Amino acid sequence: MASIRLENLRHSYRPEPRAEVDADWALRGLDLEWADGGAYALLGPSGCGKTTLLNLISGLLQPSQGQIRFDGRDVTALDPGARNIAQVFQFPVVYDTMTVYDNLAFPLRNRGRSSGMSEPEVKARVHEIAEMLDLGASLANRASGLTADGKQKISLGRGLVRSDVAAILFDEPLTVIDPHLKWRLRSKLKELHQRVRRTMIYVTHDQTEALTFADQVVVMFDGQVVQSGTPVDLFERPAHTFVGHFIGSPGMNLLPCEIDAAGVPRFAGHAVATTSSGLEAARGKKTELGVRPEFVHFAAAGEQGIPVLIERASDIGRFRIVDARCGEHLIKLLVAEGQPVPEGHGHLAFDAQRTRVYADGWAVA
């Protein structure tokens, strides 16, 4: 196991990238530090740089600039074997002619004497991992006869079977898994991490996978990290409008606002209370109010609110998603089951403690 530190990491697939042109860079100046034994997720849309970053950590790519350190040791120039990591890819990598048992034992046997494990110890370790992944009944079977789900479990097992790896890297490992089984494997991976306590980094574009698996999530957008934090941090205190939009279902309401002469944000002419301060510095920038649907409610009697037209209420079980419109701007809110929803016109109020101002995409303190 190892702590991992990334220092001013940049990467370009161009032979001569221009330093000042963001479009020339797949990754732009990343600084991250992950503790030994933690569970981390790289979350973001396709093309944001997640897999590039994972391949830099594993050594499959060499960075254009910056350093990668494992437990303080500079491994930037080392190949994957010298970094002592395990990597699980999107699609199963198995030996079809081997049994499930031999597939799981292969990483241990392949290391030969350096693993320091006798065959009885290999057997015990393989059986332990197989039971964790519900593969115990299939150990004697040929891998070729398994479903894609079963083969990917073998890939996961081969990443987990060695106890001496610095880190285990997962590149969207549930891509080929049947949707009905994904939730089981998500929970299983979390359970496995809690049992083996190795540094694990998990790449995904699926927020449910990331928030289920990871203790800390790194949200990436356009080649850079826009926020790193716990799932609660990302949901309750998005540092960037992309985080607010990308995480949550439905995502955060983003509403244009102006900062008046007194430094008060106004939406559609209405003053809105927020936790953001020092808003005078936001003038001249694109300013928006960010508030999640969970923190919007219909104004009570005597409470000032923003007039809206109620367009639709969609039942999603314990809540209804209500679409309300103020001029050309759509505002979504969640209403608990059994709570009334006005017909036609109503007034909305925002939870001041959960409403923030964003300037050019970034949260104002």
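Note that the structure is a prediction, hence the values are computed from the model and not measured. Only this structure's heavy atoms are used, side chains among them; waters, hydrogens and symmetry mates stay out.
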Practice problem: Determine, step by step, whether Arg28 and Asp222 satisfy the salt bridge (Lys or Arg N to Asp or Glu O under 4.0 Å) criterion, reporting the C-alpha distance in whole Å, the side-chain angles of both residues, the deciding distance to 0.1 Å, and the verdict. | Solution: CA-CA 9 Å; Arg28 298 185 276 137; Asp222 196 22; 3.4 Å; yes
Main chain of [Y], side chain of [X]: is a donor-acceptor contact present, judged purely on distance under 3.5 Å?
{"X": "Arg198", "Y": "Arg162", "result": "yes"}
{"X": "Thr76", "Y": "Ile68", "result": "yes"}
{"X": "Gln207", "Y": "Phe246", "result": "yes"}
{"X": "Arg354", "Y": "Glu236", "result": "no"}
{"X": "Tyr40", "Y": "Ala35", "result": "yes"}
{"X": "Arg320", "Y": "Gln339", "result": "yes"}
{"X": "Lys153", "Y": "Ala130", "result": "no"}

Quiz item: In a check of side-chain contact (heavy atoms from CB on, under 4.5 Å) between Lys190 and each of Lys188, Gln194, Arg186, which one passes?
Solution: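 Exactly one candidate clears the test, Gln194.
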Self-check item: NZ/NE/NH1/NH2 to OD/OE distance under 4.0 Å, Glu33 and Arg5
Solution: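 The answer is yes: the pair qualifies as a salt bridge.
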Practice problem: Look at Arg18 together with Asp24 and state whether they make a salt bridge at an N to O cut-off of under 4.0 Å. | Solution: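 Salt bridge flag = yes for Asp24 with Arg18.
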Practice problem: Hey, could you give me the CD1/CG distance between Ile129 and Leu160, rounded to the nearest 0.5 Å? | Solution: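 Nearest 0.5 Å value for the CD1-CG distance: 5.5 Å.
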Exercise. Would you please test Lys151 and Asp96 for salt bridge (Lys or Arg N to Asp or Glu O under 4.0 Å) and show each step?
Key: CA-CA 9 Å; Lys151 290 181 178 181; Asp96 280 341; 3.5 Å; yes
Quiz prompt | Parallel, tilted or perpendicular: ring planes of Phe221 versus His240, cut at 30 and 60 degrees | solution =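 Aromatic pair Phe221/His240 classed tilted.
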